[in-house]
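Heads up, the thing below is written out as structure tokens.
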Amino acid sequence: MPVKSNIKEKLRDILLGCLQRVADNNNIHLDGIDFVEIDRPANFEHGDYATNLPLRITKLFGNNPMAIADQIISEWPDTDFLSEISVAAPGFINFKLEDKWVQAEIGHIIEDGTNFGDNHLDNLEKVMIEFVSVNPTGPVHVGHARGAVIGSSLANIMSAAGYAVTREYYINDAGNQMQLFFESVLARYHELLGSSYQLPEGGYQGDYIKDVAELLHAEFGESLIGNSDAINEMAKFSTDTMLNAISEDLFELQVEFDNWFSEKSLFGSDEYRDTIGELESKNYLKEMDNALWFVSTILEEEKDNVIVKSTGEPTYFASDIAYHRNKFKTREFDQVIDIWGADHQGHISRLKAAMRALDIDDSKLKILISQMVTLKKGEEVVRASKRTGDFITVKELVDEVGADACRYFFLARSASSQMEFDMELAKKTSNENPVFYIQYAHARIQNILALATENQIDWEQADLALLNNIHELNLIKALLRLPEVIHQVADSLEPHHMPHYALELASYAHAFYEHCRVISSDPNDEAITKSRLRLIQAAQVVFGKCLNLMGMNAPDRM
RNA sequence: GCCCCAGUAACUCAGUGGAUAGAGUGACUGCCUUCUAAGCAGUAGGUCGCAGGUUCGAAUCCUGCCUGGGGUACCA
């Protein structure tokens, strides 16, 4: 089993123990001790890790922070991984890692291999991450790409963090947008055959509708004209065609799913009926103006919401309640993460209210909003609208910019910030992109390892204590942070920390490369050569893992 | 009107209660006879939107305001 070294966790455990002993000595009762934070100081002179704990408990202890800090470190047990524990004004405790311990960790990284950095939780939690879930009425466009990248990387990272993750795509294959889509396809189909058919009001106009119509013609010939019996087959064919296209485009972006869940299936089974029944029996429903309403105002919502329209059709909200009830009650997920576009933001609060109505703990439903992407081509802002057919698809974006750069850019920004994506800039400066900086570090390492193998150097046994200059130690310490970053991302649901970490790691790797010659022709350097090969083998493990978690390639040469 | 998100270097963005606010790009200076210069080393660049407040300490929390985006459907 991996779990060798989450340094922060180690420090936190020891710190909590010391804190408890100090509290006992002073007859102080500790209740909430969830405020123990271990940070990495900005200034390296303050050590490798630090805590502000003494500053935060002055009131509880009725003492000044420096005195508390002294008491805490006087309780510190013997540890092999620290070389120095010191108190600094106004009340920080700073920790320096022991070089010998740091050097020896290289062996653990190599031993763990692709499992390095994985966390293992005591209880295996079932987590569903639902993302993209674009209506199968058109291709995936740029706005969706951001959620797709965030969702897929978060899934990878949470999986590494020890959760049992299911990646799901919710297919909105019911409702009137689908009807509009079918009508639009039929209109193009008739047009193709020289027959007349009215394109419906607000119908879809993109060229891809014509493509579907042509495929429809290839499949069904002219048999659909005036044949209303064939509408179901036609609908299924059109939907499947779109879903295949969506799936293929997402695959190009390195986005895949474990499960595709059909909205329609909620109506085929009893899920929808049971959901309405449960809301009914708990008195959350009322009839008004021939429609059925969810009385969310009981749950402190601003307004009530229609569940079943006066036409008798369920609203999107209705099936979404049934869908989320299915996630929690039928499939028993411990945690459900939905990744939505900013235009669905207003839906959060009422869906959570619906969960409470069904006696589901709504804190287990986490909704991440991926903010708007403004797509630019130079100075020109590209508006995306499916209905007018004027949009940049994911496919176009990936073809132009490349999946790796695309993923990196979407991933590096926090989901809650709106962002600009300038395609011309991304293309033009692609050689200077951070993504290449990271991949280049990996490629350089691979190149040295390949050369060492070619030269038949055996670096299995090496004296790691030789790795004692600043560049070597910085690099190893950076490698050892991967488990912390994985933990941080899974905990905060903020995958953007991963690319930032990767960039910092690459910076240490390049500095090492520049200052530390690995393969030397001087026979006197044999020992350090082996040690450094050992180091970069560990680095290769971490770069590979990191890029893999982000869904990016780790090229051997560039 | 109300709700959500954002405003940090010339540009794109990190940092969300701690120590001297960071990175990439762009600008400027150096560095290739040795494992890839898609690199390294350095310089310049800041009223953290504005104004109050909270405390030992605020870019970070609270209040108000300004600016930009999104939402506020018997659309999804």
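The model shown is predicted, which means the values in this text are computed figures rather than measured ones.
- The residues A/Lys96 and A/Asp48 are annotated as not salt-bridged, no charged nitrogen and carboxylate oxygen being separated by less than 4.0 angstrom.
- Using a 3.5 Å distance cut-off with no hydrogens or angles, the side chains of A/Gln177 and A/Asn135 do not pair a donor with an acceptor.
- For B/A76, its base never sits under 3.5 Å from the side chain of A/His347 at any donor and acceptor pair.
- For A/Phe410, the ring-ring contact (aromatic ring centres under 6.0 Å, His included) test picks out A/Phe421, with sequence neighbours left out.
- Counting to the nearest Å, the P atom of B/A76 and the NZ atom of A/Lys264 are 15 Å from each other.
- Residues satisfying the ring-ring contact (aromatic ring centres under 6.0 Å, His included) test with A/Tyr49, not counting sequence neighbours, are none.
- A ring-ring contact (aromatic ring centres under 6.0 Å, His included) check over residues 507-535 of chain A, counting only residues at least two apart or in different chains, returns the pairs A/Tyr437-A/His510, A/Tyr440-A/His510, A/His471-A/His515.
- Whole-Å rounding puts the A/Arg413 CZ to B/A14 P distance at 7 Å.
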Notebook entry, point to check: How would nucleotides 28-33 of chain B be written as a contact map, 5' to 3', with B for base contact, S for sugar-phosphate-only contact and - for no contact, using protein heavy atoms under 4.0 Å?
Noted result: ------
Produce the list of close N/O pairs, under 3.5 Å, pairing protein atoms with atoms of nucleotides 17-22 of chain B; give distances to one decimal.
{"unit_1": "B/G18", "atom_1": "N7", "unit_2": "A/Asn52", "atom_2": "ND2", "d": "2.8"}
{"unit_1": "B/A19", "atom_1": "N6", "unit_2": "A/Asn94", "atom_2": "OD1", "d": "2.9"}
{"unit_1": "B/A19", "atom_1": "N1", "unit_2": "A/Asn94", "atom_2": "OD1", "d": "3.2"}
{"unit_1": "B/A19", "atom_1": "N1", "unit_2": "A/Asn94", "atom_2": "ND2", "d": "3.3"}
{"unit_1": "B/U20", "atom_1": "O4", "unit_2": "A/Asn43", "atom_2": "ND2", "d": "3.0"}

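- Counting only Watson-Crick and G-U wobble pairs whose two key distances fall under 3.5 Å, RNA chain B forms stems of three or more stacked pairs at B:1-7 with B:66-72, B:10-13 with B:22-25, B:27-31 with B:39-43, B:49-53 with B:61-65.
- By the rule that a glycosidic angle within 90° of 0 means syn, B/C13 does not qualify and counts as anti.
- Residues meeting the side chain to side chain contact (heavy atoms under 4.5 Å, CB included) test with A/Ala291, sequence neighbours left out: A/Trp293, A/Val306.
- The ring-ring contact (aromatic ring centres under 6.0 Å, His included) test applied to A/Phe267 returns A/Tyr272, not counting sequence neighbours.
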Which atom pairs, donor and acceptor, lie under 3.5 Å between side-chain atoms of residues 336-344 of chain A and protein residues at least two apart or in another chain?
{"unit_1": "A/Asp338", "atom_1": "OD1", "unit_2": "A/Lys327", "atom_2": "NZ", "d": "2.9"}
{"unit_1": "A/Asp338", "atom_1": "OD2", "unit_2": "A/His324", "atom_2": "NE2", "d": "2.5"}

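- Applying the side chain to side chain contact (heavy atoms under 4.5 Å, CB included) test to A/Asn455 and every residue at least two apart in sequence or in another chain returns A/Leu451, A/Ile457, A/Ile519.
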Notebook entry, point to check: Which parts of nucleotides 2-9 of chain B does protein reach within less than 4.0 Å, heavy atoms only, written one letter per nucleotide 5' to 3' as B for base, S for sugar-phosphate only and - for none?
Noted result: S-BBS---
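- Judged by distance alone, the side chains of A/Asp304 and A/Thr297 do bring a donor and an acceptor atom under 3.5 Å apart.
- By the side chain to side chain contact (heavy atoms under 4.5 Å, CB included) test, A/Glu302 is found to be paired with no residue, residues two or more places apart in sequence or in another chain being considered.
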